[in-house]
Every structure is written in C-alpha cells, then in structure tokens.
A.B. asks: 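One structure coming up, written as structure tokens, with questions to follow.
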Amino acid sequence: MADEIDARRDWELRVYERSDGVHVDSDQLPALEHLRAVAGSGCITLLWNPVPGAIGYLVECTGKDGSSTVLRHGESDVPAVPGDRFVVTGLDDGVEYRFRVAAVRAPEARDGAWSDPVQIATSIADPNPVELHVKAGQVVGRLQRLWSMVGSERLSQLTMGSDEHGNDIGGEFHEALRIAHDDLGVRWVRAHAIFHDDLGVAERAEDGQLVFDFSGIDVIYDSLLAIGVRPVVELSFMPRALALDPSKTVFTYRGIISPPRDWREWGQLISEFVQHLVSRYGINEVATWPFEVWNEPNLEVFWTGSKEDYLRLYEVAARAIKAVDTRLQVGGPSSAASEWVELLARFTQEVDCPLDFVTTHTYGNLPLDFRPILAQYGHEGVPIYWTEWGVGSTHFGPVHDSVSGAPFVLSGYQSASKRIDALSYWVISDHFEELGRPPRLFHDGFGLLSVGNLRKPRYWAVHLAEHQGEETLELDGTPYDSSVEAMASRHQDGMIDVVIWNGSINTEIMHGDPRLDRAVRVTFAELAAAMYDVSIARVDQEHSNIVAHLPQSTQWPDEIQWEELRRLDRLFVEERESLAPTEGRAEITLVLSHPGVVRLRLAPTVDRERFVPVS
C-alpha cells in the first residue's frame, strides 16, 4: 500500500501564488449583484443576492479618511462571512461609509470581483422596537442539534490528580464531560493527542520491531462511554517511536508534530489501533466514531511536513482504517482557518481515496459554506464537522469570558443550521494545558465551564439552544436595522420557546454598544392553550454572568467565595404574569441589551388538581 502511494508523490495543487503570497484559484467568481444597505442605530446591514459556488463573502469598508479595508471582525481568523447579509457594527455616527462585497470560492481565494459600491451612514434616530412574529401552530422543521459535538483538552487529563492550586483535574474534567452530556446534549467529544507517549501507545523492542499497547487509551475511552459520550478520534500526535524527528513538539506537554520516519509503520499503527478498538467495543459501536486524521496540518506549529506529506499521512491512515472494516468513518483535513478543504476533496477524488466526512476550524466568525466545493469534487452530501469553533483563537484572549460569547454561539448555530452536521465548541472545560495550567479562576480560558465547573455566559447559550422544543416554528419580522436574531420552537407538551439574542462577531465592541440595545415586541398567533405561564431567562452583563461575581483582583476564591459562586451559578429566570391569548393571539414586549440573550417561554397553564392543560 505504501509503495502505491509513493508512486503518486508528484500530485500537485492546481493553484498559482500571487506576489503577496496569497493562493488564489484560477476560477474567479463573478461580482455579486444588487448589493443593498439599510441604516440602523449603531449598525448598517448589507444584503445581497447569493453567488452560485460561493462559500462566503468579503466585506470592504471605506471610511471618512478614504482608506479601504476588508473587515476582519477583531478575533476572526477568516475574514469571509457566510450567507446573504451582514450587520456591520462599531461604526461612527455621522459618517458616510462606502461598502463593497466580493464572493469567494475558497478561504485561500481572495481575489473575487467586487460588487458595485453602496454608500450610507448609520441612523441617528431612536430605533423602533424589533418586531417578531411567531406562528405557534406552524411547524417548519425539526431542531438540529449542532452542539452535540464538543472540543476538549487531551483526554489523558481524566487520569490526572490535583494541580498546584489544589484543583482536582481528573475529577473536575470528568464532571465537565458529564455535565456536557446531561445538560448540553453532547454525544461526541473531540480532543488532541490520543497517541501521546504518556499513554504508552508505541515502543520499539530491542530487535527494532514496534510493540503497541492500547491499554491506556482503553481506560480513557471506557470513561467516556460510561458517561454516554463517544470520541471523535483525532489521530495525533506522532508517537516518539515512529517520529522522523521527535524533537519537533508543540504545547507544554510536547506533542510530537513530525511525520513518521517509515510510512509503513504509520499504517501499521493505525491498522492495529483500529482493529483493537473494534475487538474491544464492537464494529457497531466503533462505526459511529469519526476518525479524523491529525490536527491543523496547514500550520507549521502542528505539522513539520509538507502539504504532500499530509496527503500521504491521510491516505495511509484512511486505507488502513477501511481495510479493517469499510463501515468505519475517516475524514479530514482538520485544518485551521478553514483551509485545505478543497485540497483534500480534490486529492481524494483523484486518487480514489475514502473521504467520509470533512472537518475544519474557524474562530471569531461564522462557519463558511463548503457544500459547493465538496459537490465540485464528487463529495456532495458528505457530512461537514467543524471540529473546532469558538469566539476567539487567542489563549487568554479578552473575549472568552465576556458576555459577547453568548450571542456569538447562538449566531453560529443559526447560521450553520441545515448546511453542516456539527459545530463543536472549543472547549468544554478550562482544565486546559496547551500553554500551561490556568493561572487564575477567570483567566479568559477557552472553556464553556471554568475550573471548578462554574458555567460561563457561553455555556448558558448552549444550554438555551439544547433546551428548546423539538419542533421549530415559523418566525418572521427580524428587522434589517438591528443586530437582533431569534429562533422559535415548540415542545411536545405545547410549551413555546423564543430565544432572542443581540450580538456581533466584531470583538471591538465585545463589551457592548448601547446604540444596539433594542426593545423587542413578540407577537404570537395560533396559540392553542387558554392560559400560559410566562418566564424570561436572561444572559447579559447583569444576569447569568458568573464572572462578574468575583473581584478581578482575586486569582483563586477562598472557601467562602467558592460557596457564594456555586450559589450564584445558575441561569437567571424571572416569572411574569400569566398570559391569556385572545383568539390564539398574544403580545409581549421586553428589552434586550447588547450583548445579551433572552429566552421567552410560554408554558400552558396546568390545572393543579387534574394535572392537564387548561382547555
């Protein structure tokens, strides 16, 4: 098998390189048509007609000084945005801005033709209330649980003891995964370094032969399955016994990022590992585990080989996995900044190599739409998993613990719904060691949960998404002059949820912009019950924001502070006066700050004596 792959080493990408180093595909998309702009208080909304074949769009802004820049949204690693509209925030009032938009067909292709420009200023008038209209009797679909996959620090943390501050790493990490399963509906967890030498996967005997031992991995996977969570098996990093250059490492735990010195041995490792899993857990179980080849090989910090070396790594692994059983799933490229998807899609088509799913990553932005690229290379309908996604990519960056992460999470789910299969937030827990253990409790870590498993604002956003009804309802009226978005659903018992959020991917306003605060008027039609109990859950600076309850000067809480934090670790919910619809219609008005999230819940009032809804 390795010899056959050697014969294809001259395979190359069909791209050219501009003088500035940006790779651009020769098939440029046309200029989009009918760019429109709507002025709002504190924002301008751009709308356009989608361009066939586009995976996203660049937005160029020209300001009062005449200089033009492509918007990068602060923490985003990819400037392009998906969809057919974008709300530009962080603008000055009284300034006329000029905007152009260009379609792109790949993240690396940034030379799309620009649209005709539009010129507009923000509105300085008092904003009108946001009008939302929910038809409680009109089901338009089923809830898609994109959050059922989550990211995690390496799983060997499950076997660790306490850190230098007395925090129980293994116990709290295990509890974080249990919370994710029980409360957030998480069914798969994706983590690095399952082949790290701390698990003793591979050794070399005196005669030079490889000896494999997967018992350390068994302990970890047994723990996951006991919780009810399955692994996304990221095949990384390289065991020292196989590495071409074991001195090339990443992170404080020194994961080896070198290619193998012998490709046959890489194939042997994958084959014996997968055979072991199938023998231990059964093919019906392991066939539900995605096998993802490596992590972010397009970054030198994670892969010292070339593009061609990664394609070889992928192909050897994919063929070894399929040789065990064709029902097993293998995919990649697990790339940073949404790159190399086309690279792998084209390669697997040309060499007839399995590609059962596609994975990539982005931070600080909404996931792009890769369906046109996959269809172009014969992979139409292949599942798309964003196996790393989050509000920011910077370790200890200022955005992670902020409230702005809560509406960001919901915008991602809304944008990606029906076009991808999983949007895996990176990561579940602040028990995270890539650049060292947390120096303080609230340190802007990647986790949805803090050390000690306190729930951050982003956690509550995922919670609100998970605890919606199964049936999605018809909802319209979301205006073009605000940054407000919403979704509506119905539970089996007739309870109605409307989740409404106000945010931006622009981290320059992560602490809020009062010009974007809005009154929201929700009008219901086709309500079936005679009376509803009404409650409103809130996530904003003052509500469900555990970070605000610890002084910034405090690195680690004392026992009294821990007790108080755990008491406050809850979703803020206020009960409102019961609602009696008139001919199935009702109206509720509330105020939504920026950034902020509310869930408006209407529960059919129960006759306490008969325990049935009032008719």
Side-chain angles (χ1 to χ4, degrees), residues 38 40-41 45 85 125-145 407 410 413-414 417-418 463-502 517-540 543 571-593 596-615:
V38 179
S41 174
T45 301
R85 62 175 286 185
D126 290 337
N128 294 320
V130 172
E131 300 282 353
L132 300 177
H133 308 288
V134 179
K135 291 186 177 179
Q138 300 298 316
V139 176
V140 296
R142 304 286 296 178
L143 183 65
Q144 185 185 11
R145 301 182 184 277
L410 294 169
Y413 295 152
Q414 179 94 313
S417 178
K418 311 306 180 187
H463 169 92
L464 292 175
E466 166 64 13
H467 289 269
Q468 296 177 92
E470 287 293 335
E471 299 173 326
T472 56
L473 299 177
E474 183 176 324
L475 182 152
D476 58 34
T478 305
Y480 293 135
D481 61 350
S482 81
S483 53
V484 174
E485 298 179 80
M487 59 180 75
S489 63
R490 186 176 70 191
H491 298 254
Q492 289 185 348
D493 62 0
M495 184 164 63
I496 307 297
D497 281 344
V498 185
V499 181
I500 314 166
W501 61 97
N502 188 0
D517 294 350
R518 292 292 189 271
V520 181
R521 183 160 50 226
V522 185
T523 302
F524 295 90
E526 303 179 23
L527 291 169
M531 184 75 71
Y532 288 87
D533 296 330
V534 180
S535 67
I536 297 178
R538 292 187 179 273
V539 185
D540 54 35
H543 305 97
L571 178 67
F572 175 87
V573 181
E574 60 177 312
E575 304 295 331
R576 286 209 172 181
E577 185 178 348
S578 295
L579 185 69
T582 301
E583 296 182 348
R585 301 182 63 84
E587 181 181 292
I588 295 176
T589 299
L590 48 85
V591 175
L592 180 58
S593 61
V597 179
V598 299
R599 181 196 62 200
L600 176 58
R601 171 166 284 179
L602 274 59
T605 301
V606 172
D607 183 320
R608 302 302 177 187
E609 295 182 359
R610 294 184 296 147
F611 293 95
V612 294
V614 174
S615 60

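None of the values given here were measured: they were computed from a predicted structure.
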A.B. asks: Test your reading of the model: is there a side-chain donor-acceptor pair from Q468 to the backbone of A465, 3.5 Å cut-off?
C.D. replies: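 Indeed, once roles are kept as given, a pair shorter than 3.5 Å links the two residues.
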A.B. asks: Could you measure the distance from the CG atom of N128 to the CG atom of D481? Nearest 0.5 Å is fine.
C.D. replies: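 One finds 7.0 Å between CG of N128 and CG of D481.
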A.B. asks: Report yes if the side chains of P604 and Y532 come closer than 4.5 Å at any heavy-atom pair, otherwise no.
C.D. replies: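 Of all side-chain heavy-atom pairs linking Y532 with P604, at least one is under 4.5 Å.
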A.B. asks: Would you compute the distance between atom NE2 of H491 and atom CZ of R601 and round it to the nearest 0.5 angstrom?
C.D. replies: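 Here the interatomic distance stands at 4.5 Å.
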A.B. asks: In the structure I gave you, are the side-chain heavy atoms of T45 and R85 within less than 4.5 Å of one another anywhere?
C.D. replies: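 Sidechains of R85 and T45: in contact.
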A.B. asks: Take W501 and M487, measure what side-chain contact (heavy atoms from CB on, under 4.5 Å) needs, and give me the verdict at the end.
C.D. replies: CA-CA 9 Å; W501 61 97; M487 59 180 75; 3.3 Å; yes
A.B. asks: Measure across P581 and A529 and return the closest heavy-atom pair with its distance rounded to 0.1 Å.
C.D. replies: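 Heavy-atom minimum between the residues: CG-O, 3.8 Å.
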A.B. asks: Using a 4.5 Å cut-off on heavy atoms from C-beta on, say whether the side chain of V130 contacts that of I500.
C.D. replies: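 SC-SC contact between I500 and V130 ruled out.
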A.B. asks: Under the criterion side chain to side chain donor-acceptor pair (under 3.5 Å), which of E471, E474, R490, E526 is the partner of Q138?
C.D. replies: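 The residue from E471, E474, R490, E526 that satisfies side chain to side chain donor-acceptor pair (under 3.5 Å) with Q138 turns out to be E526.
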A.B. asks: Quick check for you: to the nearest 0.5 Å, what is the distance between T523 atom OG1 and E587 atom CD?
C.D. replies: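 It is 4.5 Å, given to the nearest 0.5 Å.
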A.B. asks: Supply the atom-to-atom distance R585 CZ to L527 CG, rounded to the nearest 0.5 angstrom.
C.D. replies: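 Interatomic distance, R585 CZ to L527 CG, rounded to 0.5 Å: 9.5 Å.
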A.B. asks: Is the backbone N or O of A486 less than 3.5 Å from a side-chain atom of Q414, with the two atoms forming a donor-acceptor pair by type?
C.D. replies: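 Checked: pair present.
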A.B. asks: Testing L590, L132, T589 for side chain to side chain contact (heavy atoms under 4.5 Å, CB included) with R521, which one passes?
C.D. replies: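 Among L590, L132, T589, the one meeting side chain to side chain contact (heavy atoms under 4.5 Å, CB included) with R521 is T589.
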A.B. asks: Evaluate the side-chain contact (heavy atoms from CB on, under 4.5 Å) criterion for residues R576 and I588: first the C-alpha distance (whole Å), next the side-chain angles of each, then the deciding distance (0.1 Å), finally the verdict.
C.D. replies: CA-CA 10 Å; R576 286 209 172 181; I588 295 176; 4.0 Å; yes
A.B. asks: Using side-chain heavy atoms (C-beta onward) and a distance below 4.5 Å, is L571 in contact with V539?
C.D. replies: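 Result yes, sub-4.5 Å side-chain heavy-atom pair found.
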A.B. asks: For a quick test of reading the model, state the closest non-hydrogen atom pair linking H133 to G477 and the distance between them.
C.D. replies: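 Shortest heavy-atom contact: CD2-CA, 4.0 Å.
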A.B. asks: Where is the tightest heavy-atom contact between L464 and R599, given as atom of each residue plus distance?
C.D. replies: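 Heavy atoms of L464 and R599 come nearest at CD2-NH1, 3.7 Å.
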A.B. asks: Show, in sequence, the C-alpha distance, side-chain angles and deciding distance for T605 and L579, and conclude whether the side-chain contact (heavy atoms from CB on, under 4.5 Å) test is met.
C.D. replies: CA-CA 9 Å; T605 301; L579 185 69; over 6 Å; no
A.B. asks: Between CG of L143 and OG of S417, what distance do you get to the nearest 0.5 Å?
C.D. replies: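 Spacing of CG (L143) from OG (S417) equals 8.0 Å.
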A.B. asks: Consider only side-chain N and O atoms of D517 and S593, and report whether a donor and an acceptor are under 3.5 Å apart.
C.D. replies: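 Not at all, the side chains of D517 and S593 share no donor-acceptor pair under 3.5 Å.
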A.B. asks: To check you understand the geometry: which heavy-atom pair defines the closest contact between A488 and V134, and what is its length?
C.D. replies: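 It is CB-CG1, 4.0 Å.
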A.B. asks: Taking atom OG of S535 and atom CG of L600, what is their separation to the nearest 0.5 Å?
C.D. replies: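 Reported value, rounded in 0.5 Å steps: 7.5 Å.
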A.B. asks: Heavy atoms only: give me the nearest D540-G596 pair and the separation to one decimal.
C.D. replies: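 It is CB-CA, 4.2 Å.
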A.B. asks: Test K418 against Q144 for side-chain contact (heavy atoms from CB on, under 4.5 Å), laying out the working first.
C.D. replies: CA-CA 7 Å; K418 311 306 180 187; Q144 185 185 11; 3.9 Å; yes
A.B. asks: Output yes when a side-chain donor or acceptor of S41 lies under 3.5 Å from a complementary backbone atom of P127, and no otherwise.
C.D. replies: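 No, the answer is negative, given that no donor and acceptor are paired below the 3.5 Å cut-off.
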A.B. asks: Using a 3.5 Å distance criterion without hydrogens, assess whether the side chain of T472 forms a donor-acceptor pair with backbone atoms of V140.
C.D. replies: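 No; judged by distance alone, with no hydrogens or angles, the pair does not exist.
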